[in-house]
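This is the structure I have questions about; it appears just below.
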Amino acid sequence: MARPIKETPTISGKDSIRFQEAMDNLVPFSEERKERMRKSYEFFKSIATFPVP
């Protein structure tokens, strides 16, 4: 039987401030990076020995 999943701890102090700043200043991926990620996915999908959606 699996062990129960523990609750995720809350963040506080400087960590919470840093996290909120990171969420407020999201930088989207460039189209070049997205294309590299797609190509990598397709490559690994082609060599996978199990079904990949």
Check the surroundings of atom CD in Glu42: do more than 12 heavy atoms from other residues, nucleotides or ligands lie under 6.0 Å from it?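 Yes, enclosed.
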Looking at CZ of Arg38 and CZ of Arg33, how far apart are the two atoms once the value is rounded to the nearest 0.5 Å?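 Those atoms lie 13.0 Å apart.
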Are there more than 12 heavy atoms of other residues, nucleotides or ligands under 6.0 Å from atom CG of Leu26?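 Enclosed.
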Is there a side-chain contact between Tyr41 and Val52, using heavy atoms and a 4.5 Å cut-off?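 Yes. Closest side-chain heavy atoms under 4.5 Å.
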Could you go through the side chain to side chain donor-acceptor pair (under 3.5 Å) check for Gln20 and Asp24 one step at a time? CA-CA 6 Å; Gln20 187 61 51; Asp24 291 341; 2.9 Å; yes
Look at Glu31 together with Lys34 and state whether they make a salt bridge at an N to O cut-off of under 4.0 Å.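 A salt bridge is present here (some side-chain N lies under 4.0 Å from a carboxylate O).
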Please round to the nearest 0.5 Å and tell me the distance separating atom CZ of Arg36 and atom CZ of Phe29.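 Reported to 0.5 Å precision, the distance equals 10.0 Å.
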To the nearest 0.5 Å, how far apart are CG in Asn25 and CE in Met23?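 So the CG of Asn25 and the CE of Met23 are separated by 9.5 Å.
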